[in-house]
Amino acid sequence: MQDLAGKHIVLGLTGGIACYKSAELCRLFVKAGATVQVVMTEAAEQFITPVTMQALSGRTVYTSQWDTREPNNMPHINLSREADAIVLAPCSADFIARLVQGRSDDLLSLMCLARPMDRIPLLIAPAMNREMWAHPATQRNLMQVAADGATVLGVGNGWQACGETGDGRMLEPAQLLEDVTAFFSPKLLAGQKVLVTAGPTFEALDPIRGITNHSSGKMGFAIARAAREAGAEVTLVAGPVHLPTPRGVTRVDVLSAQQMLDATTRAAQSASIFVATAAVADWRPATQSEQKIKKDGSGRTPVLHFTENPDILLSVAKSERAQSKKLFCVGFAAESENLAEHAKAKRERKGIPLLVGNIGPLTFGQDDNALLLVDANGVRELPRAPKLTLARELMTEIAARLPDWRV
Ligand SMILES: Cc1cc2nc3c(=O)[nH]c(=O)nc-3n(C[C@H](O)[C@H](O)[C@H](O)COP(=O)(O)O)c2cc1C
């Protein structure tokens with residue numbers, strides 16, 4: 001997806017092992033539609049060559065403020081004025097300290113200092129050894145650069161090139177792409193707390209087997225990501241799925257419908273928007289065998305009895321918070337036929353302001369989907385598109401409905 005189409009990014013590399021990840025980051029920015037101008041410190045050139053970065057960005061790399069290629073010999077002015085953002089990845093401890101002091105003794109620091117702060121944001125992806133990261137000087141400097149207007153994207157945790165394990169790794173390129181994309185997104189849901197359920201539930205028959213469904217969780221995860229991009233604080237209650245947690249989202253993993261209800265009810269107490277995408281099992285086995293149900297050789301098959309599961313959407317929609325219009329509830333209906341009819345009926349049954357219909361077999365496991373939005377005013381179709389695109393459109397639709405619904 002061309003999430004960064006039309007954006008021009010100055011990608012600044014400073015001296016650290018994580019420069020090897022910057023090659024991939026540059027590629028991802030370009031793939032996402034951005035143009036990328038790479039600027040490197042002298043130390044960064046010890047870790048990766050400008051040739052690699054030039055080949056990946058398709059532009060000659062700048063490393064010196066004395067570069068005579070610019071007619072006015074001021075690359076720090078010219079390159080920074082063109083940028084939609086300066087992204088420092090990796091950003092060394094040393095470079096953070098230089099930013100704090102307002103130093104400008106090389107091209108990249110000079111460019112950061114000379115940038116018009118009101119229109120050219122500075123995003124920082126630190127990378128360093130865990131002791132360097134934990135040092136009070138580094139933490140103090142990070143607080144200062146943030147106070148001076150930079151956005152610090154955080155660090156990862158894990159094995160480090162020095163052989164130690166801990167905080168301070170540079171975030172992975174895909175995570176940085178997600179963060180930079182979110183940074184550019186309009187903050188339509190700023191101040192909102194969004195709760196999303198996603199994926200299937202798993203209703204155990206015995207310790208080995210259970211009943212589940214084909215929901216992949218992709219739609220709900222896309223919604224959680226889109227809500228976070230739109231500036232919301234997001235909690236994602238996820239059934240058993242194998243999907244990475246979207247950046248900046250709090251995830252609660254559950255298995256059964258009852259566990260999903262418990263986690264959702266808790267989170268709903270402070271949420272302002274609830275989007276129920278999970279494909280919750282309608283029934284669960286009435287009893288759960290403590291041991292594996294075995295064949296006994298007689299040819300007889302086990303007889304299963306079922307109990308109805310709690311209706312999570314209905315339960316949240318009937319809560320005091322939803323009834324007093326503090327919680328905007330959005331339901332999803334996965335149908336196999338007569339979508340508009342079923343979706344309208346479900347919206348009324350649940351008493352919610354917005355119901356989103358989709359055709360189950362055409363969405364489960366797929367990367368794209370088509371949605372039908374049903375509210376009190378009628379029906380609107382969002383044509384087939386990637387789930388993330390639809391999720392972003394849905395956030396826009398929700399944001400547009402909130403002011404009228406709340407009065
Ligand atoms: C092998 C090696 C690896 C290094 N890795 C890092 C690192 O990951 N993070 C960091 O902040 N500094 C690291 N340093 C130290 C920086 O390269 C050094 O502070 C340098 O002055 C940074 O310059 P710059 O900020 O101008 O790029 C490393 C040094 C060496 C020799």
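Because the structure is a prediction, the values reported are computed rather than measured.
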*Asks:* Has K318 got a side-chain atom pairing as donor or acceptor with G351's backbone, closer than 3.5 angstrom?
*Replies:*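 Pair absent, no side-chain N/O of K318 close to backbone of G351.
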*Asks:* Please output the side-chain donor-acceptor pairs of residues 371-385 that fall under 3.5 Å, not counting sequence neighbours, one pair per line with the distance.
*Replies:*
from, atom 1, to, atom 2, distance (Å)
D375, OD1, N377, N, 2.8
D375, OD1, G378, N, 3.2
D375, OD2, R401, NE, 3.0
D375, OD2, R401, NH2, 2.9
R380, NH1, E397, OE2, 2.0
R384, NH2, L362, O, 2.7
R384, NH2, D368, O, 3.2

*Asks:* If we only count heavy atoms from C-beta on, is the E70 to Y62 side-chain gap below 4.5 Å?
*Replies:*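 E70 reaches Y62 side chain to side chain.
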*Asks:* Might you point out which heavy atoms bring T14 and C19 nearest each other, and give the distance in Å?
*Replies:*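 So the minimum-distance heavy-atom pair works out to O-SG, 3.2 Å.
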*Asks:* Output every pair passing side chain to side chain donor-acceptor pair (under 3.5 Å) with a member in residues 273-290, not counting sequence neighbours, ordered by first then second residue.
*Replies:*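 Residue pairs passing side chain to side chain donor-acceptor pair (under 3.5 Å), neighbours aside: R284-N309.
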*Asks:* State whether D262 and R266 are salt-bridged, where the test is any N-O pair (Lys NZ or Arg NE/NH1/NH2 against Asp/Glu carboxylate O) under 4.0 Å.
*Replies:*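 Salt bridge: no.
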*Asks:* Has R59 got a side-chain atom pairing as donor or acceptor with T35's backbone, closer than 3.5 angstrom?
*Replies:*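 Not at all, since once roles are kept as given, no pair shorter than 3.5 Å links the two residues.
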*Asks:* Between E24 and K21, does at least one N-O distance fall below 4.0 Å, as a salt bridge requires?
*Replies:*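 Result for this pair is no, no salt bridge flagged.
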*Asks:* Between the main-chain N or O of K193 and the side-chain N or O of S272, is there a donor-acceptor pair closer than 3.5 Å?
*Replies:*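 At least one qualifying donor-acceptor pair exists.
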*Asks:* Is T212 reaching over with its side chain to a backbone N or O of T201, donor-acceptor style, under 3.5 angstrom?
*Replies:*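 A pair under 3.5 Å: yes.
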*Asks:* Are side-chain heavy atoms of M53 and V36 found at a separation under 4.5 Å?
*Replies:*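 No, side chains not in contact.
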*Asks:* Measure the shortest side-chain to side-chain distance between V180 and F29 over non-hydrogen atoms and say whether it is less than 4.5 angstrom.
*Replies:*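 V180 vs F29: side chains touch.
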*Asks:* Determine whether L4 and T181 make a side-chain contact, defined as any pair of heavy atoms from C-beta on separated by less than 4.5 Å.
*Replies:*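 Heavy-atom side-chain distance check passes, below 4.5 Å.
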*Asks:* Which donor-acceptor pairs under 3.5 Å do the side chains of residues 239-250 make with protein atoms, sequence neighbours left out?
*Replies:*
from, atom 1, to, atom 2, distance (Å)
T245, OG1, R251, NH1, 3.0
R247, NE, D179, OD1, 3.0
R247, NE, D179, OD2, 3.3
R247, NH2, L153, O, 3.4
R247, NH2, D179, OD2, 2.7

*Asks:* Report the residues that fulfil side chain to side chain contact (heavy atoms under 4.5 Å, CB included) with N129, sequence neighbours left out, ordered by chain and then residue number.
*Replies:*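 Partners of N129 under the side chain to side chain contact (heavy atoms under 4.5 Å, CB included) test: E131, M132, Q160, C162, E164.
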*Asks:* Would you say the side-chain atoms of Q2 pair up with the backbone N or O of K31, donor to acceptor, closer than 3.5 Å?
*Replies:*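 Yes; at least one donor-acceptor contact below 3.5 Å.
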*Asks:* Step by step, would you call L142 with W133 a side chain to side chain contact (heavy atoms under 4.5 Å, CB included)?
*Replies:* CA-CA 10 Å; L142 282 165; W133 173 254; 3.3 Å; yes
*Asks:* Taking everything shown except M1 itself, do over 12 heavy atoms lie less than 6.0 Å from its CE?
*Replies:*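 Enclosed: over 12 neighbouring heavy atoms sit under 6.0 Å from CE of M1.
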*Asks:* For R349, what residues pass the salt bridge (charged side-chain N to carboxylate O under 4.0 Å, His left out) criterion, not counting sequence neighbours?
*Replies:*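 R349 satisfies salt bridge (charged side-chain N to carboxylate O under 4.0 Å, His left out) with no other residue.
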*Asks:* Any salt bridge between E229 and R225, counting N to O under 4.0 Å?
*Replies:*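 Here E229 pairs with R225 in a salt bridge, since their nearest N and O are under 4.0 Å apart.
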*Asks:* Write out all pairs satisfying side chain to side chain donor-acceptor pair (under 3.5 Å) with one or both partners inside residues 39-51, taking only residues at least two apart or from two chains.
*Replies:*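 Counting only pairs at least two positions apart or across chains, the side chain to side chain donor-acceptor pair (under 3.5 Å) contacts touching residues 39-51 are T49-T52.
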*Asks:* Write down the atom of I120, the atom of I86, and the distance for their closest heavy-atom approach.
*Replies:*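 Looks like CG2-CG1, 4.0 Å.
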*Asks:* If you look at every heavy atom in K187 and A182, which pair is closest and at what distance?
*Replies:*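 Answer, listing the atom of K187 first, then A182: NZ-O, 2.5 Å.
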*Asks:* Taking atom types as modelled and ignoring hydrogens, do the side chains of D94 and S92 form a donor-acceptor contact shorter than 3.5 angstrom?
*Replies:*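 Their side chains do not contain a donor-acceptor pair, so the 3.5 Å distance test is not met.
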*Asks:* Does S256 reach the main-chain N or O of E203 with its side chain, forming a donor-acceptor pair under 3.5 Å?
*Replies:*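 Absent.
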*Asks:* Per the side chain to side chain contact (heavy atoms under 4.5 Å, CB included) rule, which among L11, L122, V10, L123 passes with L88?
*Replies:*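 Result: among L11, L122, V10, L123, L122 is the only option passing the side chain to side chain contact (heavy atoms under 4.5 Å, CB included) with L88.
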